[in-house]
Amino acid sequence: MLSTWRLVKGLLPRLLLRHQSVKAAVEIEESVVNKLWSIVGEKNVSLSMAVREQHGQDESYHECMPPGTVVWPTSTEQVSDVVRVCSEYNLPMVPFGSGTGLEGGVNALQGGVCINVSKMDEVLEVNPEDLDTTVQPGVTRHALNSYLRDTGLWFPVDPGADASLCGMCATSASGTNAVRYGTMRENVMNLEVVLPDGSVIDTAGKGRRTRKTSAGYNLTNLFVGSEGTLGVITKATLRLYGIPEETASAVCAFPSVQAAVDTSTEVIQSGIPVARIEFLDEVQVDACNKFSGLNYELAPTLFLEFHGSKSGVNEHSDRVAEIARDNDASGFQWAADADEKSKLWKARHDALYADLALRPGCKSYSTDVCVPISRLPEVIVATKQDIEVFKLTSPIIGHVGDGNFHCFIILDPDDEDELKRAKEFGLRLGRRALAVGGTCTGEHGIGQGKLELLVEEVGEAGIATMKNIKQTFDPKGLMNPGKVLPGFHIN
């Protein structure tokens, strides 16, 4: 053990000095490493530069900021013991699931210990009659739905990436099915959380899995969306749904952005229970065509899906087709079979990678907002105009059924002028959403990229209240420091 430590000890100061923006990165002492080894085993602790850099970034444009070490606990007890060690030595802690975030949420801004929960990957319980399941934090949404395949049930929250389910809890993720099934916030029934002092709580009470409760404060939803700043989520109890009897998917092109978004707004206002209604502008359609081998018309487009009985699906799709025709749509192009439907939605989920292929070697500056659906058409139209004004390459794609859309700005991170324009555009987009009663992020989270906008959204009193909550749970400021709350530092 000591020989391994001597090999890496000399690298740590150089690594921590490498990022000049980090003024107080915390070095990992030899005694800490020895304690971590005793908890999780030597093979579950890594001091490798490559591994640490892999854990120092997500899929955002933010600069890689590696932790001092990475640990892989295999139980809640091990997570608790690791957290107690970090608390004893005042070491920052960054929970890590699958690293698919888009706002720099896993970057170790002050070094410390990255707690990778991917080896805790068991589906602990499925209750088919009650439509719920309990999973460990390393279980991904694909893994859960594969496990459920023979039960007739599924978990529908679908952010696109094969994210870890507890990571999805931490960011309050949603995705293409949110218009029908809700976001993570509506689908989490209970959480097991290791707090910053190593104690463990069940947010709804141990073993509780009721579909509603009026008992005490809603601790569950306090941790949903907390982005690893209040504790490490080690177990989640989630709602399940019956796999629909019938599904139908279609693509519909429009002469303008206004016509496409007007259609989606009218569909929702009419109370038609669509399962998915996704908007892609013509730039995004072109990227998906090239990347996924499709041949859709290069025009503002809606991808739609309907779930239900056969008669219900037919009725709902006919009503949506009528609304689309009234907005001068070119007609529905139906996905004829399961393979075609899968190809259509895989293309939608691969949109970010399709966008990156537009400018090989570049990165994505991704941002999202959510607005009241009645204001969605004007906001998207104005955003398209801003993209031209700022001279950016930025496809637009959105879960327009609930007012949420994304801009994937493809840029050269070494081009300071382009990065500056992207950031100015992102601030302008966020402020436009706030001006019409919306939010600066519908599902990406705050991370380190939207601290300024959060202050504008909730106000100084709201930020002060959040800081009081943070201070209560994490008085030392060790949990994922530098994220969500501006100006909250390690004590």
In terms of side-chain geometry, is the basic nitrogen of K476 or D197 positioned less than 4.0 Å from the acidic oxygen of its partner?
no

Answer yes or no: is there a donor N or O on one side and an acceptor on the other, between the side chain of D81 and the main chain of I39, under 3.5 Å?
no

Are R208 and D202 close enough for a salt bridge, meaning some N to O gap below 4.0 Å?
no

Can you check whether W37's main-chain N or O pairs, donor with acceptor, with N44's side chain at less than 3.5 Å?
no

For the residue pair T237 and T134, confirm or rule out a side-chain donor-acceptor distance under 3.5 Å.
yes

Are E278 and R348 ion-paired here, with the side-chain N under 4.0 Å from a carboxylate O?
yes

Determine whether D158 and W345 make a side-chain contact, defined as any pair of heavy atoms from C-beta on separated by less than 4.5 Å.
no

Donor-acceptor contact below 3.5 Å, side chain R141 vs main chain F155
no

Which atom pair, heavy atoms only, marks the closest approach of A433 to C370?
CB-O, 4.5 Å

For residues S80 and E77, is any side-chain donor paired with an opposing acceptor at under 3.5 Å?
no

Under a plain distance cut-off of 3.5 Å, with no hydrogens placed, do N177 and R276 share a side-chain donor-acceptor pair?
yes

Main chain of D130, side chain of N127: is a donor-acceptor contact present, judged purely on distance under 3.5 Å?
no

Residues 429-452 vs salt bridge (Lys or Arg N to Asp or Glu O under 4.0 Å), sequence neighbours excluded, gives D368-K450, D386-R432, R431-E452, R431-E456

Residues forming a side-chain hydrogen bond (donor to acceptor under 3.5 Å, both in side chains) with T210, sequence neighbours excluded
none

Pairwise side-chain contact, L280 with F303, heavy-atom cut-off 4.5 Å (strictly under)
yes

Give a yes or no on whether the backbone of P66 and the side-chain of N107 come within a donor-acceptor separation of less than 3.5 Å.
no

State whether the number of non-hydrogen atoms from other residues, nucleotides or ligands found under 6.0 Å of R211 atom CZ is greater than 12.
yes

Would Y241 and N187 count as a side-chain hydrogen bond (donor to acceptor under 3.5 Å, both in side chains) here? Give the steps.
CA-CA 10 Å; Y241 296 80; N187 285 285; 2.6 Å; yes

Donor-acceptor pair, T234 side chain versus E192 backbone, under 3.5 Å?
yes

Is a donor from one side chain sitting under 3.5 angstrom from an acceptor on the other, for S48 and S46?
no

Partners meeting salt bridge (Lys or Arg N to Asp or Glu O under 4.0 Å) with R185 (sequence neighbours left out):
none

S75/Q78 under side-chain hydrogen bond (donor to acceptor under 3.5 Å, both in side chains): CA gap, chis, key distance, verdict
CA-CA 5 Å; S75 68; Q78 288 187 0; 4.6 Å; no

Classify the ring geometry between F223 and F473 as parallel (under 30°), tilted (30 to 60°) or perpendicular (over 60°).
perpendicular

Side-chain donor-acceptor pair present, S146, R149, cut-off under 3.5 Å:
yes

Side chains of N480 and E227: is there a donor and an acceptor less than 3.5 Å apart?
no

Any side-chain donor paired with an acceptor under 3.5 Å for T203 and T220?
yes

Are R239 and D132 ion-paired here, with the side-chain N under 4.0 Å from a carboxylate O?
no

Determine whether a donor-acceptor pair (N or O, by modelled atom type, separation under 3.5 Å) exists between the side chain of T213 and the backbone of A215.
yes

Check: T76 main-chain N/O paired with K235 side-chain donor or acceptor under 3.5 Å:
no

Please report the interatomic distance OH(Y147) to OG1(T133), rounded to the nearest 0.5 Å.
7.5 Å

Look at the side chain of D162 and the backbone N and O of H142, then say whether any donor-acceptor pair between them is shorter than 3.5 Å.
yes

Using 30° and 60° as the class boundaries, would you call the ring planes of F96 and H55 parallel, tilted or perpendicular?
tilted

